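Shown next, in structure tokens, is the structure this report addresses.
Note that the structure is a prediction, hence the values are computed from the model and not measured.
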Amino acid sequence: MQTQCDILRTQVLVIGGGVTGAGIMRDLALRGMHCVLVEKRDVNAGASGGNHGLLHSGARYVLSDPMAAAECQEEGELLKRLAPQCIEDTGGLFVAMPGDDESYAADFPDLCAKAGIAARPMAPAAALSLEPALSSELVAAFHVPDGSIDPFRLSLEMIAHARELTGCNLLRGMRVTNFEIFDGRIVRAHCLEAKTGRKLIIEPEQVVNAAGAWSGKVAALAGAHIPVLYSSGTLLVTSERIARRVINRLRPPADGDILVPGGTVSILGTTSVRIADPDLCRPSAAEVDLNIEQGAGMIPALRSIRYIRAYSGVRPLLMANTGAGDDRAQSRGFALFNHEAEGLTNFLTVTGGKLTTFRLMAEKAADLVARRLGVGAPCLTSSVPLPEIGGCEWTGPGRSPRAWLARKEEDGPLLCECEMVSARTVDELTKDCHVDAEELGISALGVRSRIGKGSCQGAFCGLRVTAHLYDTGKCASRRGLLSMRDFFANRFKGQRPILWGAQMRQYELAEALHCGLISLEMLPSHKPDEVR
């Protein structure tokens with residue numbers, strides 16, 4: 001007997017919950033349109049959550065991709081004005097070490113000038129006074145306007161703003177399984193919620209494919225083709241912040257040549273490994289070793305510092321050539337495919353690009369959607385600031401400790417001691433995080449806060465937060481326990497490549513707690529309709 005499906009109608013279906021999909025959603029909402037954003041996992045589950053968090057000045061690409069460099073420069077300055085709550089305007093240094101290409105260093109300031117990037121030369125001694133962690137052997141340095149950006153707060157606030165503007169919907173954990181196409185138009189998108197087995201049909205007027213590295217798979221559902229390469233990159237998170245500024249190696253892009261401050265930690269990366277499928281992306285011990293070996297050439301402390309996590313993301317690179325060389329030679333630009341040559345009149349794909357250029361990507365996609373729908377309203381994202389919206393601010397390092405210190409007597413117990421996330425903060429998150437879901441487990445809370453981001457990587461707070469959700473009625477079925485197990489499994493995936501020293505001892509304690517004490521690994525898996 002066929003199960004009856006719910007039907008949801010909307011002007012625009014956006015597929016992909018990264019910064020580009022969230023940016024498209026907000027852009028369209030500012031023009032008065034209603035959207036449904038479908039994401040098969042959760043916000044920023046792909047490249048938008050698996051990167052440095054670097055707000056590019058563009059200087060990294062001045063030789064290999066000057067057009068992308070200029071786009072980064074322009075968009076970076078826009079974001080600093082329009083979304084300052086998501087950005088730490090740290091500035092950055094490009095530093096050359098003995099043996100680096102002297103001609104590259106000599107050409108660097110002129111290449112930056114052509115892209116509109118301010119690159120100020122500094123004496124090595126001056127650079128060392130600003131960043132004492134740098135190697136004393138550095139031979140040249142330039143200051144550039146790099147910064148650090150919180151992609152999670154950025155996406156969450158854009159989604160929340162779109163919801164406030166036109167009632168847009170975010171459907172997380174929902175995967176598009178197939179399209180119904182009639183007379184050159186997608187008339188129905190069939191969706192499946194993996195954890196519950198719930199089926200949903202969405203009837204859109206326009207469909208936007210913003211699925212990043214998965215855009216080729218989504219396009220294939222409509223019989224279209226996207227020439228995308230999958231380049232995986234591994235990054236490491238240190239236990240403390242090493243430098244105040246972004247530190248770049250002054251050479252053509254390579255492994256382990258960027259260190260980005262991320263609040264109370266630093267992020268080192270990244271590698272570039274061609275993979276056959278974006279679902280195969282995961283950090284490896286070999287890439288961890290390579291990052292440390294290369295990074296220590298400019299910051300010696302990277303050899304001995306404690307690492308608390310490794311993670312990876314997939315770059316969706318447009319296939320400019322199909323050679324077996326370094327994928328860094330591929331363009332960092334983006335492309336918009338209207339698919340009209342393939343006989344589709346209400347389907348488009350936007351892919352490629354950088355985190356820094358997401359707004360421009362969203363604008364171009366939204367312009368095409370508006371033209372097709374006959375909407376004359378212009379793009380406003382280049383002039384309307386992104387508002388700060390309650391429930392989205394907890395991703396920022398230091399936000400939870402400041403809140404707890406200001407009101408500790410009324411905040412209740414600390415559920416996450418590493419990041420000082422209190423019971424009251426968790427309550428506020430479950431109330432204000434703008435998610436359509438019957439139950440909100442710890443995995444979703446971890447995306448929207450600092451829960452599990454500290455040195456214990458969720459070993460203790462995972463149990464405390466889940467227990468609190470049950471105690472307060474936010475969880476009532478076995479799904480809360482399954483969510484906790486998924487949360488720990490994801491944390492382990494990031495710890496496995498860096499398990500030595502203090503972090504190995506930390507994980508052995510977590511294993512004893514989760515398996516030896518509460519036998520979490522024995523929790524049976526259930527089919528979606530059996531979860532109770």
### Expected output: side-chain Ser48 to main-chain Val19 donor-acceptor under 3.5 Å
yes
#### Entry: Ile87: which of Asp150, Leu82, Ile149 passes side-chain contact (heavy atoms from CB on, under 4.5 Å)
Ile149
### pair Thr238-Ile267: side-chain heavy atoms closer than 4.5 Å
no
### Query
Any ion pair linking Asp257 and Arg60 (charged N to carboxylate O, less than 4.0 Å)?
yes
### Message
Using modelled atom types and a 3.5 Å cut-off, is there a donor and acceptor pairing between side-chain atoms of Arg163 and backbone atoms of Gly167?
### Response
no
### Task
Apply salt bridge (Lys or Arg N to Asp or Glu O under 4.0 Å) to Glu340 and Arg372, showing your working.
CA-CA 12 Å; Glu340 291 171 5; Arg372 286 177 171 180; 3.3 Å; yes
### Task
Look only at the side chain of Gln495 and the backbone of Asn490, and say whether a donor-acceptor pair between them is shorter than 3.5 Å.
no
### Query
So, do Ile15 and Leu37 sit near enough that their side-chain heavy atoms are less than 4.5 Å apart?
no
### Query
Can you check side-chain contact (heavy atoms from CB on, under 4.5 Å) on Asp107 and Leu63, steps first, answer last?
CA-CA 9 Å; Asp107 294 340; Leu63 178 62; over 6 Å; no
### Task
Quick one: sort the His339 and Phe337 rings into parallel, tilted or perpendicular, breaks at 30° and 60°.
parallel
### Query
How far apart are the closest heavy atoms of Cys379 and Asp367, and which atoms are they?
CB-OD1, 4.3 Å
### Query
Does Arg185 offer a backbone N or O that forms a donor-acceptor pair with the side chain of Thr345 under 3.5 Å?
no
### Query
Nearest 0.5 Å, what's the CH2-CG distance between Trp394 and Leu156?
14.0 Å
### Summary
When rounded to the nearest 0.5 Å, the distance separating NE2 of His161 from CD of Glu388 is 12.5 Å
### Message
Could you measure the distance from the OG atom of Ser148 to the CG atom of Leu55? Nearest 0.5 Å is fine.
### Response
8.5 Å
### Task
Decide side chain to side chain donor-acceptor pair (under 3.5 Å) for Ser443 and Asp486; before the verdict, give the C-alpha distance in whole Å, the side-chain angles of both, and the deciding distance to 0.1 Å.
CA-CA 7 Å; Ser443 294; Asp486 291 345; 5.5 Å; no
### Task
Answer yes or no: is there a donor N or O on one side and an acceptor on the other, between the side chain of Ser155 and the main chain of Phe152, under 3.5 Å?
no
### Query
Is any side-chain heavy atom of Val95 closer than 4.5 Å to a side-chain heavy atom of Asn248?
no
### Presence of salt bridge, Asp101 and Arg251, under 4.0 angstrom
no
### Query
What is the minimum heavy-atom distance between Ile226 and Gly216, and which atoms define it?
CB-CA, 4.1 Å
### Message
Tell me the closest heavy-atom pair linking Arg274 and Leu229, and the distance in Å.
### Response
NH1-CD2, 3.8 Å
#### Entry: Close side-chain approach of Ile201 to Leu8, heavy-atom, < 4.5 Å
no
### Task
Answer yes or no: is there an ion pair linking Glu39 with Arg172, defined by an N-O contact shorter than 4.0 Å?
no
### Query
What distance do Ser266 atom OG and Ile258 atom CD1 have between them, rounded to the nearest 0.5 Å?
13.0 Å
### Query
Does a side-chain N-to-carboxylate-O contact under 4.0 Å join Asp255 and Arg249?
no
#### Entry: Test: Arg282 and Glu287 ion pair at under 4.0 Å
no
### Message
For Arg496, I'd like to know if atom CZ has over 12 heavy atoms of other residues, nucleotides or ligands within 6.0 Å.
### Response
no
#### Entry: Arg244/Thr90 under side-chain contact (heavy atoms from CB on, under 4.5 Å): CA gap, chis, key distance, verdict
CA-CA 7 Å; Arg244 295 179 60 191; Thr90 61; over 6 Å; no
### Summary
Closest heavy-atom pair, Ala366 versus Leu28, reported as atoms and distance to 0.1 Å, is CB-CD2, 3.7 Å
### Query
Pick from Arg241, Arg245, Arg153: which one makes a salt bridge (Lys or Arg N to Asp or Glu O under 4.0 Å) with Glu88?
Arg241
### Task
Compute whether any side-chain donor of one residue and acceptor of the other, for Thr166 and His34, lie under 3.5 angstrom apart.
no
### Query
Between Thr177 (side chain) and His190 (backbone), is there a donor-acceptor pair under 3.5 Å?
yes
### Task
Taking all heavy atoms of Arg26 and all of Thr381, pick out the closest pair and write down the distance.
NH1-CG2, 3.9 Å
### Query
Is Lys80 salt-bridged to Glu77, going by a charged N under 4.0 Å from an acidic O?
yes
### Query
Side-chain contact, heavy-atom cut-off 4.5 Å: Leu355 with Pro151?
yes
## Note on the structure
On a heavy-atom basis, the closest approach of Leu259 and Pro261 is O-CD, 4.0 Å
### Query
Going through the distances and angles, do Phe358 and Leu154 end up as a side-chain contact (heavy atoms from CB on, under 4.5 Å)?
CA-CA 11 Å; Phe358 85 89; Leu154 181 66; 3.5 Å; yes
### Task
Output yes when Asp27 and Arg31 qualify as a salt bridge under the 4.0 Å nitrogen-oxygen rule, no when they do not.
yes
### Query
Quick one: are Pro145 and Ile117 in side-chain contact, heavy atoms under 4.5 Å?
yes
### Query
Is Thr357 reaching over with its side chain to a backbone N or O of Gly353, donor-acceptor style, under 3.5 angstrom?
no
### Message
Could you go through Lys40 and Asp279, starting from their C-alpha distance and side-chain angles, then the distance that decides it, and tell me whether this counts as salt bridge (Lys or Arg N to Asp or Glu O under 4.0 Å)?
### Response
CA-CA 12 Å; Lys40 69 176 183 177; Asp279 291 315; 3.6 Å; yes
### Query
Do Glu419 and Lys453 meet the salt-bridge criterion of a basic N to acidic O distance under 4.0 Å?
no
#### Entry: Sub-4.5 Å side-chain heavy-atom contact between Leu386 and Met158
yes
### Task
Taking Tyr311 for its side chain and Asn51 for its backbone only, find out whether a donor-acceptor pair lies under 3.5 Å.
yes
### Ser232 and Ser312: side chain donor to acceptor below 3.5 Å
no
### Message
Please check this pair: side chain of Asn209 against backbone of Ser215, looking for a donor-acceptor N/O pair closer than 3.5 Å.
### Response
yes
### Message
Set out, in order, the CA-CA distance, both residues' side-chain angles and the distance that settles ring pair (Phe, Tyr, Trp, His ring centres under 6.0 Å) for Phe94 and His143, then state yes or no.
### Response
CA-CA 7 Å; Phe94 272 75; His143 185 276; over 10 Å; no
### Query
Do the side chain of Arg448 and the main chain of Ala444 share a donor and acceptor less than 3.5 angstrom apart?
yes
### Task
Report yes if some heavy atom in the side chain of Ile181 is under 4.5 Å from a heavy atom in the side chain of Val187; otherwise report no.
no
### Query
Between atom SG of Cys5 and atom CD1 of Ile202, what is the distance when rounded to the nearest 0.5 Å?
11.5 Å
### Task
With rounding to the nearest 0.5 Å, note down the distance linking CD1 in Ile247 to CG in Leu93.
4.5 Å
### Task
Evaluate the criterion side-chain contact (heavy atoms from CB on, under 4.5 Å) for residue pair Tyr61 and Lys354; output intermediate values, then yes/no.
CA-CA 11 Å; Tyr61 305 117; Lys354 300 289 296 179; 2.8 Å; yes
